[in-house]
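Everything quoted here is computed from the prediction, not taken from an experiment. Only this structure's heavy atoms are used, side chains among them; waters, hydrogens and symmetry mates stay out. Naming: A, B, ... by sequence-line order, numbering from 1 per chain.
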There are 2 protein chains.
Amino acid sequence: MSVAVAQAPARKGPQTAARIREAALELFSRLGFERATMAEIAAEAGVSQATLHYHFADKGQLWRAAMLQLRAVISEEERLLEAAADAPPEVQLRMAMRLFLRISWNHPALGRIVALEGMAGGERLDWLDAHLIGPRNRRLAELAQAAIDSGALKPFPAATMIITLQAAGAGVINLAPMMRRSFGLDPSEPAAREAHERLILDALLGGLLQPRTT
Amino acid sequence: MSVAVAQAPARKGPQTAARIREAALELFSRLGFERATMAEIAAEAGVSQATLHYHFADKGQLWRAAMLQLRAVISEEERLLEAAADAPPEVQLRMAMRLFLRISWNHPALGRIVALEGMAGGERLDWLDAHLIGPRNRRLAELAQAAIDSGALKPFPAATMIITLQAAGAGVINLAPMMRRSFGLDPSEPAAREAHERLILDALLGGLLQPRTT
DNA sequence: TCATTTTCTGATTTGAAAGTCAGGAATACT
DNA sequence: AGTATTCCTGACTTTCAAATCAGAAAATGA
């Protein structure tokens, strides 16, 4: 009773809501919005289906709440890039891609969600663009454009380069089930991950850089 | 009555079935298996929903029938590659990627389907691997391995390279809705398409080649 | 303790999409 | 023409998942 008790039992609701959001993010990203059912999410979170509706008005709102968990990840990335704002743009771009890969590995949900909704279009993509990925995409494209203007990067359309780099970087991770089926390989092994990082950062990004003229 | 009549009115069924398959491919690839409804496909094909069930037992079989339309595309690609079997592997690989891009532009359904099912896994991916993309994937990986062995390509894992190249090549096309939303760009414009082709074939593929030591 | 609020659930309703079926219309066959 | 076959449809049943609701259980505060 005296001192070391986890002070304040606190309301239990928020904690349950958090568990639900986590389960929802996992299932939405693995299966997409339609295939993921409220019943499955409830089961995964260890609550009844009605509890989902107690904490979140409907499936759409649960989806958005689940996505908002990724905001922290994006913000952290932004913060780290901000700190390197003085470096030459091509150095910043390489750093951005390294961060992108790190996020793709540690939070594969984000890449899968973007791929799913980015293909389908519609209101969920609009929401993602406004709240999660739009500013980031445009910031990266500006970076690429700056690198082009400084002569460090080959002059391809900046937006196309950024989207292509992201698709290439997330491809092996998103398509892990296909890698398994077609090649019997598990791309999440540490060795595979390291080779992948060099492939993207050195080989592919290297191909975009202007050859040194010095 | 005499001569020039379109000989043999022919059975009408196959033609209707073909229209249904086309509508199904379009909708399945744009929306995924679950979001595409039988009612929508029927409307798109201009027939009643019951007609779908007359020609195809259930939704799964319609999906497979729709996919089989892409077999001709894959076979043609294979034929063209076969004809260049004598060229050095890195030349064949570049040609394969050029063909891949051409298919991605002309039949965007294929890339979207592969992305959707390749992420989700499950029985539809198994089917695709067995009937459509597995042999092609493995053939391309062998090509990449040969190019590595001959010293023309940097020694990254062949399967990873192939999947990454495909993801990069199809990325801008698959993610056209996101390009529109985040950048206001339409990647299907001819100019964009040409820049995209050079980006993939020259810059990215170039980054994978060993620098000339001669 | 007792009242009040928060949190949760089982049972039920609603809605939407897949799938079935009996029969009508069109086509082909003799 | 008459018959058989193929093709198609409207109306219906079934299934499944989202959403609602009345009230129980748990936590909180006096």
In whole angstrom, give the distance that lies between atom [atom1] of [X] and atom [atom2] of [N].
| X | N | atom1 | atom2 | answer |
| --- | --- | --- | --- | --- |
| B:F33 | C:dA17 | CZ | P | 14 Å |
| B:I20 | C:dG19 | CD1 | C1' | 15 Å |
| A:R35 | D:dA18 | CZ | P | 14 Å |

* First of B:T16 and A:M38 reached from the 5' end of DNA chain D, by closest nucleotide ->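 Counting from the 5' end, the first nearest nucleotide belongs to B:T16.
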* Would a distance-only check, ignoring hydrogens and angles, find a side-chain to backbone donor-acceptor pair under 3.5 Å from B:Q92 to B:L143? ->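 Checked: no pair found.
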* N/O donor-acceptor pair under 3.5 Å between A:R19 side chain and A:A45 backbone ->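 Such a contact is found between A:R19 side chain and A:A45 backbone.
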* Residues in side-chain contact (heavy atoms from CB on, under 4.5 Å) with B:A24, at least two apart? ->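 Testing B:A24 for side-chain contact (heavy atoms from CB on, under 4.5 Å), a comparison that skips the adjacent residues, returns B:F28, B:I41, B:L62, B:A66.
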* **Set of side-chain contact (heavy atoms from CB on, under 4.5 Å) partners for A:R71, sequence neighbours left out** =>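 Expected list: A:L68, A:H131, A:L132.
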Less than 4.5 Å apart, any side-chain heavy atom of [X] and any of [Y]?
| X | Y | result |
| --- | --- | --- |
| A:R21 | A:F56 | yes |
| A:L165 | A:F100 | no |
| B:K154 | A:D202 | no |

* Base, sugar-phosphate, or nothing for B:A42, non-hydrogen atoms under 4.0 angstrom? ->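 Contact class for B:A42: none.
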* Tell me the side chain to side chain donor-acceptor pair (under 3.5 Å) pairs involving residues 104-118 of chain B, sequence neighbours left out? ->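 Side chain to side chain donor-acceptor pair (under 3.5 Å) check on residues 104-118 of chain B returns B:S29-B:R112, B:E117-B:R124.
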* Asked: Which pairs pass side chain to side chain donor-acceptor pair (under 3.5 Å) with one or both residues in residues 44-56 of chain A, sequence neighbours excluded?
  ->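 Residue pairs passing side chain to side chain donor-acceptor pair (under 3.5 Å), neighbours aside: A:S48-A:T51.
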Residues which pass side-chain hydrogen bond (donor to acceptor under 3.5 Å, both in side chains) with [X], listed by chain and number, not counting sequence neighbours:
| X | value |
| --- | --- |
| B:D129 | A:S182 |
| B:T37 | none |
| A:R35 | B:E34 |
| A:R98 | A:E197 |

* Asked: For the helix from C:dT1-D:dA30 to C:dT30-D:dA1, what angle lies between the axis at the first five pairs and the axis at the last five pairs, to 10 degrees?
  ->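 What I find for the helix from C:dT1-D:dA30 to C:dT30-D:dA1 is an axis angle of 0°.
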Expected rows: protein N/O vs nucleotides 12-16 of chain D N/O, under 3.5 Å:
none

Tabulate atom names and distances for all N/O pairs under 3.5 angstrom spanning the protein and nucleotides 22-26 of chain C.
none

* To do: Please list, by residue number, the residues of residues 45-61 of chain B whose heavy atoms come closer than 4.0 Å to an atom of DNA chain D; answer none if no residue qualifies.
  =>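 Going residue by residue through residues 45-61 of chain B, the ones with a heavy atom under 4.0 Å of DNA chain D turn out to be B:V47, B:S48, B:A50, B:T51, B:Y54, B:H55.
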